[in-house]
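Read the structure below first, then the notes.
When a ligand or atom number is given, it counts from 1 through the structure's own listing order. Quick note: residue numbers are just sequence positions, from 1.
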Amino acid sequence: MRAAAMYPARKSLEIIPDFPEPKLASPTSVKLRVLKVGVCGTDREIASFQYGFPPPAGSEFLVMGHECLGEVIETGPDVQHLKPGDLAIPMVRRPCDHPECAPCRAGRQDFCITGDYKERGIKQLHGFLTEQIVDEALYMNPVPQVIRDVAVLVEPLTIAEKGLIQALEVQKRLPWGHEPKRAVVLGAGPVGLLGAMALRNSGFMVTVYSRDREPDPSADISKAIGAKYVSSQDATSDQLAAQVGNIDLVYEATGNSKFAFDVLKVLGTNGLFVLTGVPGKHPASEVDTDRIMGNMVLKNQCLLGTVNAGKDAFQTAVKDLTAFHARWPDAVKNLITGRFPLEKFAEPINKQTGIKNIVEIAQ
Ligand code: BGC
Ligand code: ZN
């Protein structure tokens with residue numbers, strides 16, 4: 001079968017025509033026919049050799065792709081919750097094997113402390129840009145057929161869901177039952193817009209703060225879900241804060257550290273700032289540390305980083321995407337702006353265009 005791979009030694013992206021078909025590996029494993037795979041900034045960084053990890057042991061290539069929607073075609077005899085014909089989204093990260101890693105041993109490899117976790121399509125495990133995959137049922141999340149067309153957005157949504165679950169957990173520190181209400185989303189890419197949908201759906205007033213000026217498709221989606229859209233070319237972070245009022249929550253989805261720390265300056269009283277983007281390497285830049293530290297202390301603020309996602313976030317993402325799709329069908333569909341056949345997988349990886357690009361492998 002075909003697979004789309006990155007060869008680090010020869011720095012190339014290639015289609016492998018005869019990648020071996022996977023077989024069920026245990027009584028609890030599941031085989032999926034891959035339908036769609038989303039492409040994101042992480043793939044772009046891997047393919048431009050900025051965010052690099054070795055391919056699987058003994059392999060000279062890494063099969064790419066970590067945002068996958070598949071259809072179950074075979075299950076081991078001990079698989080309970082999935083059957084052929086079901087749709088499923090595989091999780092990305094697999095635990096390290098150190099007995100002392102409490103998070104991995106507890107099934108929370110998204111908090112792995114040794115750094116020896118693996119990620120399918122990213123770090124030491126082949127990914128999903130191929131025709132069939134096999135994995136343990138434990139890592140497969142069932143998806144309802146009603147969201148078949150857009151379910152490939154579940155994995156990027158899990159980033160927001162984990163951030164939000166953590167944010168609400170942290171804000172339990174405000175002991176009188178304070179509910180954060182005003183959120184600012186940094187960045188209007190898929191992770192930002194899906195986060196904005198999750199925040200709107202949980203009742204937040206949301207302002208999406210991003211670079212591009214209107215008219216802009218991401219601004220249209222923001223407004224369609226009842227969020228405000230502000231271009232950073234038209235308003236400084238101080239002006240943004242004056243418009244929003246007390247900023248209770250910032251959800252960052254740009255990977256632009258300068259932009260993020262500029263907005264950290266205007267986080268509100270008792271506010272929480274959630275960082276999800278992994279920045280590229282740029283020269284160090286100046287930050288107003290006195291203002292930031294002074295605010296963090298005097299306004300009881302919190303800064304939280306979050307990566308990857310656990311089972312809870314995957315389940316919430318499936319439920320929420322189904323709700324978003326019912327509430328804002330066009331806005332959700334409009335997130336997917338480009339569709340490519342497997343043979344052309346390198347195009348959307350090498351060049352970002354539109355909002356979300358996906359590779360369609362089967363219908
Ligand atoms: C993926 C995560 C992964 C992270 C770091 C993101 O693009 O969605 O699952 O943990 O990259 O590798
Ligand atoms: Zn991704």
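With the Zn ion (ligand 2) as the vertex, NE2 of H66 and SG of C40 span 100° to the nearest 10°.
With sequence neighbours excluded, no residue forms a ring-ring contact (aromatic ring centres under 6.0 Å, His included) with Y139.
By the 4.0 Å N-to-carboxylate-O rule, E71 lies too far from K31 to be salt-bridged with it. Salt bridge status for R2 with E343: present, with a side-chain N to carboxylate O gap under 4.0 Å. By the 4.0 Å N-to-carboxylate-O rule, E360 lies too far from K344 to be salt-bridged with it. Of the charged side-chain nitrogens involved, at least one lies within less than 4.0 Å of a carboxylate oxygen, so that D234 and R213 count as a salt-bridged pair.
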What are the distances between nitrogen or oxygen atoms of ligand 1 and protein nitrogen or oxygen atoms, counting only those under 3.5 Å?
unit_1	atom_1	unit_2	atom_2	d
ligand 1	7 (O)	T42	OG1	2.5
ligand 1	7 (O)	H66	NE2	3.4
ligand 1	8 (O)	E155	OE1	3.3
ligand 1	8 (O)	E155	OE2	2.7
ligand 1	9 (O)	E155	OE2	3.1
ligand 1	9 (O)	N308	ND2	2.9
ligand 1	10 (O)	E119	OE2	2.6
ligand 1	10 (O)	N308	ND2	3.0
ligand 1	11 (O)	T42	OG1	3.4
ligand 1	12 (O)	Y51	OH	2.8
ligand 1	12 (O)	E119	OE1	2.6

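The side chain to side chain contact (heavy atoms under 4.5 Å, CB included) with H66 is formed by just one residue from the set T42, V37, V39; it is T42.
Counted by atom type alone, N350 and R44 present zero donor-acceptor pairs between their side chains at under 3.5 Å.
E67 contributes OE2 as its N, O or S atom closest to the Zn ion (ligand 2).
Not a single N/O/S atom of E155, whether from backbone or side chain, sits less than 2.8 Å from the Zn ion (ligand 2).
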